[in-house]
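Predicted model only: the values in this text are computed from it and were never measured. The basis for the numbers below is simple: all heavy atoms, side chains too, and nothing from hydrogens, waters or symmetry mates.
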Amino acid sequence: MFDKKTKSYTDLLGKTNRIVEGTVINGDIISQADFRLDGELIGNFQSTGKLVIGPSGSVTGDVICKNADIEGRFNGKIQVAEILNVKSKASIHGEVTVGKLSVEPGAEFSASCIMKDNKKLLLTDGKETPKK
């Protein structure tokens, strides 16, 4: 009578991956879901979701994502299609390409920055195509 579709385990928890403090990853991460990093990533990161680098998190490498919040350390190239929020305790070094940028007072932001038109979407190969 009532056909309830059972949700997968990840749907029940939400689709956010998490790397905890004290974890070090050497290599690349590709994810469709949101991602929270409180550990250390030495490598590249790519996602169609949001990346959160927590206060104890750090990334050394290239990042491509839809949105990002950074509280920890980042060194490399980052491409954020929509909004990059740089929190007051963050440290950013490298190259930044964003749709919109928010930097809180106290953040260390030593990067070249290019802001793209919101009508464009950054793709993983670095080319741009207009949104439909």
Side-chain angles (χ1 to χ4, degrees):
M1 184 173 177
F2 295 102
D3 289 331
K4 272 192 174 180
K5 291 184 179 181
T6 56
K7 290 187 177 184
S8 71
Y9 186 68
T10 54
D11 285 337
L12 293 172
L13 293 176
K15 293 189 177 182
T16 301
N17 295 293
R18 184 167 185 164
I19 303 298
V20 297
E21 188 175 353
T23 302
V24 178
I25 296 176
N26 285 300
D28 297 340
I29 296 174
I30 299 172
S31 175
Q32 297 298 313
D34 293 346
F35 208 95
R36 180 173 178 96
L37 180 69
D38 289 301
E40 181 179 1
L41 171 63
I42 302 167
N44 302 319
F45 176 85
Q46 180 179 327
S47 175
T48 54
K50 181 177 185 175
L51 172 64
V52 175
I53 301 174
S56 62
S58 74
V59 173
T60 303
D62 296 343
V63 169
I64 298 172
C65 60
K66 185 175 181 181
N67 290 294
D69 287 351
I70 300 178
E71 281 187 88
R73 295 179 317 278
F74 176 81
N75 190 357
K77 272 191 207 176
I78 185 167
Q79 294 181 18
V80 181
E82 293 181 1
I83 301 172
L84 170 60
N85 290 306
V86 181
K87 304 295 184 181
S88 62
K89 299 196 186 237
S91 173
I92 310 287
H93 296 273
E95 296 177 30
V96 175
T97 304
V98 296
K100 292 182 181 177
L101 177 65
S102 168
V103 181
E104 291 182 358
E108 182 181 333
F109 190 83
S110 298
S112 63
C113 182
I114 298 171
M115 295 184 77
K116 296 289 184 179
D117 185 358
N118 278 347
K119 293 181 179 130
K120 295 180 180 177
L121 178 66
L122 293 173
L123 299 177
T124 58
D125 63 1
K127 294 180 184 173
E128 298 172 16
T129 57
K131 285 185 180 179
K132 294 183 179 180

Between atom CG of Asn17 and atom CG of Leu37, what is the distance when rounded to the nearest 0.5 Å?
11.0 Å
For Val59 and Gly43, the nearest pair of non-hydrogen atoms, with its separation, is CG1-O, 4.4 Å
Under the 3.5 angstrom rule, does the side chain of Thr60 hit a backbone N or O of Gly76 as a donor-acceptor pair?
no
Leu101: which residues meet the side chain to side chain contact (heavy atoms under 4.5 Å, CB included) condition with it, sequence neighbours left out?
Leu84, Val86, Val98, Val103, Phe109, Cys113, Met115
For a 4.5 angstrom cut-off between non-hydrogen side-chain atoms, does Thr48 reach Gln32?
yes
Would you indicate whether the side-chain heavy atoms of Glu108 and His93 approach each other to under 4.5 Å?
yes
Rounded to the nearest 0.5 Å, how far does CD of Glu95 lie from CD1 of Ile114?
7.5 Å
Show the nearest heavy-atom pair for residues Ile53 and Ser58, with the distance to one decimal.
CG2-N, 4.0 Å
Grab the two heavy atoms, one from Cys65 and one from Gly49, that are nearest each other, plus how far apart they are.
CB-O, 3.7 Å
Using every non-hydrogen atom in the two residues, find where Asn85 and Ser102 come nearest and quote the distance to one decimal.
OD1-CB, 3.3 Å
Got a sec, which pairs hit ring pair (Phe, Tyr, Trp, His ring centres under 6.0 Å) with one end in residues 34-73, sequence neighbours left out?
Phe35-Phe45
If the condition is salt bridge (charged side-chain N to carboxylate O under 4.0 Å, His left out), which residues does Lys50 pass it with, not counting sequence neighbours?
Asp69
How far apart are the closest heavy atoms of Asp28 and Asn44, and which atoms are they?
OD1-N, 2.9 Å
Nearest-0.5 Å distance, CG of residue Asn67 to CD of residue Glu82
4.5 Å
Closest approach of Arg36 to Val52 (non-hydrogen atoms, all atoms of both residues)
NH1-CG1, 3.2 Å
Would you say that Ile78 contacts Ile70 through its side chain, given a criterion of any heavy-atom pair below 4.5 Å between the two side chains?
yes
Counterpart residues, ring pair (Phe, Tyr, Trp, His ring centres under 6.0 Å), relative to Phe74 (two or more places apart)
none
Under the salt bridge (charged side-chain N to carboxylate O under 4.0 Å, His left out) test, residues paired with Asp34 that sit two or more places apart:
none
Distance, nearest 0.5 Å, that separates CD of Glu40 from CD1 of Ile42:
4.0 Å
For the side chain of Ser88 and the backbone of Glu104, is there at least one donor-acceptor N/O pair under 3.5 Å apart?
no
Below 3.5 Å, can you tabulate the donor-acceptor pairs from side chains in residues 18-26 to any protein atom, sequence neighbours excluded?
from, atom 1, to, atom 2, distance (Å)
Arg18, NH2, Asp38, OD2, 3.1
Thr23, OG1, Val20, O, 3.2

